[in-house]
Amino acid sequence: MDFNIYDFTSFTTWVHNALTSSMSPGWAMFVELAIVGVVFIAFYAVIGLYLVYAERKVCALIQNRKGPNRVGPFGLLQTIADLFKLLMKELIYIKNADKFLFNLAPFIVIIASFMAIAALPFAKGLHAIDLNIGIFYLFAVSSLGVIGILLAGWSSNSKYSLIGAIRSGAQVVSYELSVGLALLSIVIFSGSMQLSTIVESQANGWWIIKGHIPAIISFLIFLVASTAETNRGPFDLAEAESELTAGFHTEYSGIKFAFFFLAEYMNMFIVAAIAATVFLGGWMPFHIPGLDGMNHVMDYIPPFVWFMGKTAFIIFIMMWFKWTFPRLRIDQLLKLEWKYLLPLNLMNIVLIAFIVLMGWYIK
Amino acid sequence: MAFLFYLLSGIALLSALMVVLSKSPINSVIYLIVCFLSIAGHYILLNAQFLAVVHIIVYTGAIMVVFLFVIMLLNLNKTNEPHKSVLTKFMAVISGGMLFLVLIAAAKGVNEMIVAKEFDANIGLVANLGKVLYTDYMIPFEASSVLFLSAMIGAVMLGKKDKK
């Protein structure tokens with residue numbers, strides 16, 4: 001076994017061979033699935049908890065405060081303490097609430113984000129499943145979470161929850177279009193929907209640089225639309241605190257509330273990871289053709305660090321949005337999507353098709 | 001693989017039965033979503049990944065969300081359920097049973113079906129599907145897109161309020 005931090009292919013084949021040599025192929029597949037599942041659950045929990053911490057720190061930075069700084073060094077253990085508090089809390093059920101759906105809803109939201117995380121390329125060879133239609137799959141499963149939100153709002157038997165859920169449904173269904181079309185622009189550039197091929201096609205420059213103006217337009221559209229799709233501020237009408245107390249999860253308490261909270265942050269991580277993979281080159285280091293010295297220095301940074309760094313950068317931008325802009329009204333929100341983003345996006349796609357046809361991008 | 005096929009078929013049949021049998025319409029929608037997801041699993045077993053994802057987007061992502069919306073806004077409860085007399089129930093059982101009889105008669109000949117073409121495992125991949133759609137079936141494909149457009153315009157026209 002040789003463990004190489006720059007290329008995980010040899011490590012994963014070693015694991016695969018070790019498993020297939022000691023048991024039947026069916027069981028080996030089952031054990032592999034279990035390993036991947038356990039790794040992702042651990043990853044999910046750690047990333048989710050530390051994104052909550054990051055959000056509070058970024059918020060504090062923007063509002064000129066200190067943020068969490070009491071539990072552990074720099075307050076690093078604050079969210080773990082919060083998690084234990086949420087685990088201890090009593091689960092409160094409303095009279096007349098539909099119990100089955102009320103309990104089911106948080107799991108649907110969590111499962112939808114788990115399905116998305118399975119298809120992300122984290123580093124070279126560190127890719128749980130490399131689907132032939134990777135981008136399309138991510139787009140499909142990211143639209144399943146809204147079912148959980150709608151059910152949560154309906155089964156709570158509360159006015160605030162229902163209004164929050166209906167708003168969220170309208171918002172997610174409309175902004176999905178812009179997310180899909182913005183991703184389609186890079187599919188046209190790279191000529192493939194497979195995530196590994198898209199990352200490989202950015203070895204000599206990221207698409208946001210190679211695709212110049214139209215790629216930048218679709219990157220900006222993707223940022224706005226994915227912020228709206230994950231129900232984050234300034235598009236957080238589904239849980240607008242000042243008017244709906246907490247929107248669709250008003251009636252949830254304890255660990256069930258924590259599930260929604262965790263899923264919201266994981267969804268933000270997922271859209272940031274998609275943006276990093278598709279527009280900013282995924283785990284590919286930053287290369288400038290011709291400058292060999294700099295390219296070698298960039299190659300020394302492991303791919304996993306590149307991927308997480310780019311994702312963290314986009315997450316920071318999305319947090320910056322939330323703490324800078326005031327919340328939109330629902331009619332402004334829908335007008336922004338249907339009257340501005342969608343027509344702009346469609347025109348942009350025609351422009352990209354023309355540019356690819358003429359070969360006017362950096363190859 | 002055979003095990004996965006039986007598992008998915010079992011889930012699909014069971015959830016399809018539950019769609020009909022469950023009392024609350026919102027539970028029916030949930031079981032229908034499970035049913036659609038297991039059918040998407042069948043597509044993946046056939047290596048038709050693109051069709052599987054389209055199935056998820058169109059049925060679970062779009063149509064079921066609209067269903068949920070409609071059911072939520074209808075405010076269904078026991079009191080405004082239409083009352084059905086014993087006679088209607090009886091007639092419904094008779095006609096349903098006759099439909100079942102016809103289906104069984106049609107399904108009797110299933111074993112005699114001949115496989116017309118060898119199954120090609122790559123046929124469902126997006127590159128092949130796109131090539132077939134844009135060469136062999138170009139005109140029907142474009143015509144169906146015009147049909148969709150006219151349906152959309154029709155929906156907008158119907159939804160518009162009358163100007164006074």
Side-chain angles (χ1 to χ4, degrees), chain A residues 25-26 29-30 96 98 100-102 104-105 107-108 111-112 115 119 129-157 161-163 165-174 176-177 180 187 191-194 197 248 338, chain B residues 1-4 7 18 22-34 36-37 40-41 43-44 46-78 121-130 152 156:
Chain A
M29 190 183 82
F30 184 74
N96 294 332
D98 189 322
F100 173 64
L101 294 178
F102 188 78
L104 184 72
F107 291 102
I108 295 182
I111 287 171
M115 283 169 84
I129 177 164
D130 189 15
L131 286 167
N132 183 260
I133 33 117
I135 281 197
F136 206 42
Y137 169 82
L138 285 174
F139 173 57
V141 293
S142 66
S143 66
L144 292 182
V146 68
I147 295 174
I149 291 178
L150 283 174
L151 284 180
W154 185 80
S155 62
S156 295
N157 198 24
S161 303
L162 187 65
I163 296 171
I166 301 256
R167 278 184 182 183
S168 163
Q171 182 178 332
V172 174
V173 169
S174 29
E176 239 170 45
L177 290 170
V187 173
S192 171
M193 289 206 274
Q194 197 166 4
T197 320
F248 65 92
W338 294 102
Chain B
M1 279 304 169
F3 166 71
L4 281 178
L7 183 73
M18 288 306 290
S22 61
K23 285 254 158 55
S24 146
I26 209 134
N27 281 3
S28 296
V29 171
I30 299 301
Y31 286 117
L32 201 53
I33 290 170
V34 175
F36 283 144
L37 285 177
Y43 280 124
I44 291 175
L46 290 170
N47 206 17
Q49 300 170 354
F50 182 74
L51 280 181
V53 172
V54 167
H55 191 82
I56 291 177
I57 287 183
V58 173
Y59 287 101
T60 40
I63 293 184
M64 283 301 115
V65 170
V66 174
F67 265 46
L68 276 178
F69 250 92
V70 171
I71 292 173
M72 279 176 189
L73 294 175
L74 278 181
N75 193 21
L76 291 171
N77 46 37
K78 285 263 154 49
N122 290 328
I123 198 82
L125 297 185
V126 61
N128 302 326
L129 190 76
M152 262 158 64
V156 171

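What you see below is based on every heavy atom in this structure, not just the backbone, and it leaves out hydrogens, waters and symmetry mates.
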Heavy-atom contact with chain B under 4.5 Å, split by part of [X]:
X        : answer
A:Leu104 : side chain
A:Leu101 : side chain
A:Leu144 : side chain

When you measure from the side chain of B:Gln49 to the backbone N and O of A:Asn132, does any donor-acceptor pair fall under 3.5 Å? yes
Side chain A:Tyr137, main chain A:Met115, donor-acceptor under 3.5 Å: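 Yes, because the side chain of A:Tyr137 sits within donor-acceptor range (under 3.5 Å) of the backbone of A:Met115.
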CZ (B:Phe69) with more than 12 external heavy atoms under 6.0 Å: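 Yes, because the 6.0 Å sphere around CZ of B:Phe69 holds more than 12 heavy atoms from other groups.
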Pick whichever of A:Leu151, A:Leu162, A:Ile133, A:Val172 has the most heavy-atom pairs under 4.5 Å with chain B.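 Most heavy-atom pairs under 4.5 Å with chain B: A:Ile133.
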Taking A:Ile108, A:Ile166, A:Val173 one by one, which has the highest count of heavy-atom pairs under 4.5 Å against chain B? A:Ile166
Side chains of A:Phe136 and A:Leu131: closer than 4.5 Å at any heavy-atom pair?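 No, side chains not in contact.
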Between A:Ala165 and A:Leu150, the two heavy atoms sitting closest are O-CD2, 3.4 Å
